[in-house]
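These numbers were taken from a predicted model, which means no experiment stands behind them. So you know, we letter chains A, B, ... as the sequences are listed, proteins then strands, and number each from 1.
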There are 2 protein chains.
Amino acid sequence: MSDRSQKRRDLTVAEIKAAARSLLVASGPAGISLRAVARDMGITAPALYRYYPALDSLILDLATDLHVELRLACEAVRDELPADDHVGRLIAMVREFRRWVLTHLSEAALMFGPPLPGVDEFHQQCEDLTHAGNQFGMIFIEPMLALHAQGRLPVRDALASQFDIPAEVYTYFLARWAQFYGLIMAEAFGHLSWAVDDATELFEAELKAVTESLLR
Amino acid sequence: MSDRSQKRRDLTVAEIKAAARSLLVASGPAGISLRAVARDMGITAPALYRYYPALDSLILDLATDLHVELRLACEAVRDELPADDHVGRLIAMVREFRRWVLTHLSEAALMFGPPLPGVDEFHQQCEDLTHAGNQFGMIFIEPMLALHAQGRLPVRDALASQFDIPAEVYTYFLARWAQFYGLIMAEAFGHLSWAVDDATELFEAELKAVTESLLR
DNA sequence: TCCTGACGTTAACGGTGTTCACTAATCTAA
DNA sequence: TTAGATTAGTGAACACCGTTAACGTCAGGA
């Protein structure tokens with residue numbers, strides 16, 4: 001395959017993903033259909049099989065892109081703060097995480113909702129996505145590592161770490177991750193609306209409590 | 001309509017929901033289809049419109065039933081403990097919440113995942129479900145009210161309460177709700193598997209930390 | 001007894017993912 | 001330059017899906 005046709009191919013793939021993205025935004029994860037993508041591109045549906053073996057693959061690819069996009073958004077706000085303000089950078093990234101999710105509800109549903117067809121199938125397919133998810137998680141672990149080095153991380157019982165990360169940091173990260181993942185997704189999926197109109201206060205209170213629990 | 005035919009009608013509705021439930025378990029939320037339900041019942045799909053105006057209504061009804069089932073499961077383990085052991089009852093219910101979700105992944109995806117078609121549509125439809133969700137939340141609020149009466153609830157800044165509940169209890173409940181909703185759903189949806197093989201340790205550590213933070 | 005209403009049917013419309021056979025164009029190599 | 005191989009795309013078809021409409025059929029109540 002020549003470079004020229006490879007470029008052209010990459011361009012088509014990008015166009016497919018763009019069309020799928022706009023369908024996702026307009027109609028939610030279930031609104032993504034090969035026929036609609038093809039229609040928007042002025043093409044027939046079977047042609048898309050030259051680029052993706054199935055609809056699932058396209059959705060998976062899209063999810064990977066979205067993870068990268070979210071990570072870049074968080075890194076952007078992080079980099080506006082001094083490199084040694086680890087707490088401030090963490091807070092900014094968590095706030096941006098929430099802001100991005102709340103302004104990209106459809107995308108968040110795809111990324112953080114339950115796996116679509118069968119639970120097992122998704123796990124087998126998403127090794128690439130795991131990598132993108134890994135990178136996203138890592139931007140939160142980094143400041144925690146720095147805080148740990150300064151002895152400022154309040155650690156409880158440490159779990160066995162699966163990565164090349166001190167067990168205390170790993171444990172602390174998992175607890176915070178689950179806490180804010182849950183808070184943000186509950187709000188985004190509407191599972192908090194029965195209890196509270198605007199979850200901002202709750203979110204900020206949690207953030208404040210975590211911040212204050214950091215030793216200085 | 002006579003009582004006899006009403007009974008017959010209720011029986012058919014129950015059969016429809018049972019078929020839908022088994023499809024949900026077998027193939028996930030997306031596996032629920034009117035045609036498959038009808039096929040399993042030895043009937044044609046349009047006949048189902050005598051009982052539900054659309055597929056969404058059936059799914060909504062199913063979700064309501066599931067909320068009730070989950071609440072009853074939690075209440076069952078709660079009632080095995082002394083009525084004055086509020087902390088113990090809370091722990092037992094949270095553990096049962098997690099156990100039920102992990103053993104009913106498809107049901108949990110339907111109940112706690114992102115709303116299926118459009119976010120707004122779901123909110124308008126789910127007033128009954130809100131009620132069932134309300135009842136579910138209430139079983140956790142009750143022990144907290146009891147603990148609060150004993151002055152054992154560690155309260156921070158209190159949010160404005162939307163219910164006939166002391167603001168401190170309301171605030172504490174929301175924080176714990178989001179924390180464990182998030183932890184359990186992250187695990188159930190596989191969004192923790194990149195970081196940890198078995199989240200039991202993490203879950204129990206969080207539970208222990210919360211328990212120990214309760215004043216006595 | 002009639003007849004009304006509930007229950008179920010078949011047929012159809014438009015939508016979906018996916019496969020297959022085929023054409024047209026483009027790129028590669030002798 | 002020309003012949004062959006690869007690629008992109010098409011159209012028809014299959015098997016699903018939700019939903020609507022028109023049509024039977026049968027039990028219950030006046």
Step-by-step side-chain contact (heavy atoms from CB on, under 4.5 Å) determination, B:R98 to B:E187: CA-CA 9 Å; B:R98 173 170 180 259; B:E187 181 182 6; 2.8 Å; yes
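Here C:dG15 presents its P atom at 7 Å from CZ of A:R39, a figure rounded to the nearest Å. The interatomic distance linking B:M41 (CE) with C:dC7 (P) rounds to 12 Å, in whole Å. When the P atom of C:dT18 is taken as reference, atom CD1 of A:I59 falls 9 Å away, rounded to whole Å. When rounded to the nearest whole Å, the span between CG of A:L55 and P of C:dT19 equals 12 Å. Regarding B:I16, its CD1 atom lies at a distance of 13 Å from the P atom of D:dG18, rounded to whole Å. C:dG15 atom P lies 19 Å from atom CG of B:L34, rounded to whole Å. The nearest whole Å value for the distance from the CG atom in A:L48 to the P atom in C:dT16 is 12 Å. Distance CZ (B:R50) to C1' (C:dC7): 6 Å, rounded to an integer number of Å.
At D:dA8, one or more side-chain N or O atoms of A:R9 fall inside 4.0 Å of OP1 or OP2 (strictly under the cut-off).
The CD1 atom of A:I91 sits 9.5 Å away from atom CG of A:L81, with the distance rounded to the nearest 0.5 Å.
Atom CZ of B:R99 has more than 12 neighbouring heavy atoms from other residues, nucleotides or ligands inside a 6.0 Å radius. Remark: A:E201 CD is loosely packed, at most 12 non-hydrogen atoms of other residues, nucleotides or ligands lying under 6.0 Å away.
Taking the ring axis of B:Y172 as reference, the NZ or CZ atom of B:R176 stays within 45° of it and closer than 6.0 Å to the ring centre.
Judged by distance alone with a 3.5 Å cut-off, no donor-acceptor contact links the side chain of A:R35 to the base of C:dG15.
Looking at the side chain of B:A54, the nearest of the listed nucleotides C:dG15, D:dT19, C:dC7 is D:dT19. Among the nucleotides C:dG17, D:dT19, C:dG8, the one closest to any side-chain atom of B:R8 is C:dG8.
Nearer the 5' end of DNA chain C, as judged by each residue's closest nucleotide, is the contact made by B:I43, out of A:P46 and B:I43. Mapped onto DNA chain D by nearest heavy atom, A:T44 and B:Y49 fall at different nucleotides, with A:T44 at the one closer to the 5' end.
Residue A:Y52 is out of contact with every strand shown, counting any heavy-atom pair closer than 4.0 Å.
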